[in-house]
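Because the structure is predicted, anything quoted here is derived from the model rather than measured. What's counted below: heavy atoms across the whole structure, side chains too, no hydrogens, waters or symmetry copies.
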Amino acid sequence: MQKKDDIVKIYDDMFNLIGTESWDVVHEKGLLHQVVHLWMYGDEPDGRWLYFVQRSKKRANFPGLYDLPVSGHIDPEETFSHAVVTLTKERLGLKLLPEFLKHVGNIHQVIDSDHYHDNAFCQVYVKKIQPPIPDFEIHGVEMLFKVKYNDFCQWIDCPEDGLPIYASTGEFIKNCVRDDWWWPRKEEFMTIVKPYIDQQN
């Protein structure tokens, strides 16, 4: 989990590096910085699945929302791929190798909510999880879950239809019927992630 005194690089509007600042100041002032996002999917005998987590209900910002399995800031000395590896190990107990991560694009994300201002250039990665599904060791989140890929693609355009969510081991959890339970990632999924995953066998 990010700490308020963590230091990240900041950029001007032309994406030129202009210095570093602490995490809390970055989000207090809406300073442009870079983050990494990891989407995870897997092909199982019963179809293709996407993995997500429920954020900790103790988080100061957006507690309890459903979100990507891994997202976070990049330490000044880190590369993007090594940031993904580090965060995945910390949060899911899963060891990844940088050379097997797929960088699929980037997107500028701006979210303003009361005292929290997120002005981030997101480096987007996708990882295919091969069966057998690993035993995840989650940290700092409420739960890890999965949804059927085709269901998610339909739901993201028609959230009123509901979205069944399942434990990573396959047990049905509940039917999600509200899109405001989710961190807003629709544009990222539709423009960057879905086109990539749709091309994979």
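Separation of atoms CG (L92) and CD (E137) is listed at 10.0 Å; rounding is to 0.5 Å. Annotation: the span from L50 atom CG to I165 atom CD1 amounts to 13.0 Å, rounded to 0.5 Å. Of the inter-residue distances, the one linking F136 atom CZ with L144 atom CG reads 5.5 Å to the nearest 0.5 angstrom. Taking CG from L96 and NZ from K127, the interatomic distance works out to 6.0 Å, rounded to the nearest 0.5 Å. The CE atom of M40 lies 7.0 Å from the OG1 atom of T88; values are rounded to the nearest 0.5 Å. Taking NE2 of H27 as the reference point, atom CG of D112 lies at 11.5 Å (rounded to 0.5 Å).
Counting heavy atoms from C-beta outward, K128 and F100 have side chains that stay 4.5 Å or more apart. A 4.5 Å side-chain heavy-atom check between M143 and I173 finds at least one atom pair inside the cut-off. For the pair W182 and C176, the minimum side-chain heavy-atom distance is below 4.5 Å. In this structure the side chain of D6 never reaches within 4.5 angstrom of the side chain of D24, judged on heavy atoms. Side chains of Y125 and K102 form no contact here, defined as non-hydrogen atoms less than 4.5 Å apart.
Judged by distance alone, the side chain of D12 and the main-chain N or O of M14 form a donor-acceptor pair under 3.5 Å. Side chain of E142 to backbone of V53: no donor-acceptor contact under 3.5 angstrom is found. With K9 contributing its side chain and P76 its backbone, the two residues share a donor-acceptor pair below 3.5 Å. Using a distance-only test at 3.5 Å, with no hydrogens or angles considered, a donor-acceptor pair links the side chain of H33 to the main chain of L31. Counting only distance, with no hydrogens or angles, the side chain of R91 and the backbone of S71 share a donor-acceptor pair below 3.5 Å. With E28 contributing its side chain and V25 its backbone, the two residues share no donor-acceptor pair below 3.5 Å. With hydrogens and angles ignored, the 3.5 Å screen pairs a side-chain donor or acceptor of R48 with a backbone N or O of I197.
A pairwise comparison of heavy atoms in S81 and P98 identifies OG-CB, 3.9 Å as the closest pair. Across every non-hydrogen atom of I10 and T20, the tightest pair is CG1-N, 4.1 Å. Considering all non-hydrogen atoms of both residues, V193 and V124 come closest at CG2-CG1, 3.9 Å. Summarising the geometry of W155 relative to R178, their closest heavy-atom pair is CZ2-O, 4.2 Å, with the distance given to 0.1 Å. For the residue pair P164 and N175, the shortest heavy atom distance occurs at N-OD1, 3.2 Å. Nearest heavy atom pair, residue D180 against residue L65, reads O-CD2, 3.5 Å.
A donor atom on one side chain and an acceptor atom on the other are not found under 3.5 Å apart for H37 and Q123. Checked by atom type, the side-chain pair N119/H108 shows a donor-acceptor distance below 3.5 Å. A donor atom on one side chain and an acceptor atom on the other are found under 3.5 Å apart for E171 and T169. Between the side chains of D118 and Q109, at least one donor-acceptor pair of N or O atoms lies under 3.5 Å. Checking W181 against Q54 by side-chain atom types alone, no donor-acceptor pair falls below 3.5 Å.
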For E44 and K148, run salt bridge (charged side-chain N to carboxylate O under 4.0 Å, His left out): C-alpha distance rounded to whole Å, both residues' side-chain angles, the deciding distance at 0.1 Å, then the answer. CA-CA 10 Å; E44 301 179 38; K148 292 181 179 180; over 6 Å; no
Walk me through it: do E188 and L68 pass the test side-chain contact (heavy atoms from CB on, under 4.5 Å)? CA-CA 11 Å; E188 182 175 329; L68 302 181; 4.2 Å; yes
Apply side-chain contact (heavy atoms from CB on, under 4.5 Å) to residues F189 and I156 and explain how you reach the verdict. CA-CA 9 Å; F189 176 75; I156 204 164; 3.8 Å; yes
Passes ring-ring contact (aromatic ring centres under 6.0 Å, His included), F145 versus Y66? Steps please. CA-CA 9 Å; F145 65 93; Y66 300 155; 5.0 Å; yes
As a quick check of understanding, evaluate side-chain contact (heavy atoms from CB on, under 4.5 Å) for H82 and L87, giving each step before the final call. CA-CA 9 Å; H82 280 88; L87 290 167; over 6 Å; no
Verdict with supporting geometry, V35 and I74, side-chain contact (heavy atoms from CB on, under 4.5 Å): CA-CA 6 Å; V35 299; I74 305 157; 5.6 Å; no
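Taking D198 as the reference, K194 meet the salt bridge (Lys or Arg N to Asp or Glu O under 4.0 Å) condition, with sequence neighbours excluded. Applying the salt bridge (Lys or Arg N to Asp or Glu O under 4.0 Å) criterion to K186, with sequence neighbours excluded, gives D157.
Hydrophobic clustering places I192 together with Y149 (ILVMFWY residues linked when any side-chain heavy atoms are closer than 4.5 Å, directly or through intermediates). By the rule that hydrophobic residues join a cluster once side-chain heavy atoms approach within less than 4.5 Å of another member, L17 and W23 end up as members of separate clusters. Cluster membership for L38 and I138, using ILVMFWY side-chain heavy atoms within less than 4.5 angstrom, is shared.
Heavy-atom neighbours of K29 NZ from other residues, nucleotides or ligands within 6.0 Å: at or below the threshold of 12. The 12-atom threshold is exceeded at CD of Q200, counting heavy atoms of other residues, nucleotides or ligands nearer than 6.0 Å.
Look at R185 and D67 and you find a salt bridge, because one of the NZ, NE, NH1 or NH2 atoms lies within 4.0 Å of a carboxylate O, short of that distance.
Within the 6.0 Å centre-distance limit, the rings of F52 and F152 are counted as a close aromatic pair. With ring centers used as reference points, Y51 lies 6.0 Å or more from W39. Between F121 and F15, a ring centre-to-centre spacing shorter than 6.0 Å is recorded. For an aromatic pair to be called close, the ring centres must be under 6.0 Å apart, and W183 with F62 satisfies this.
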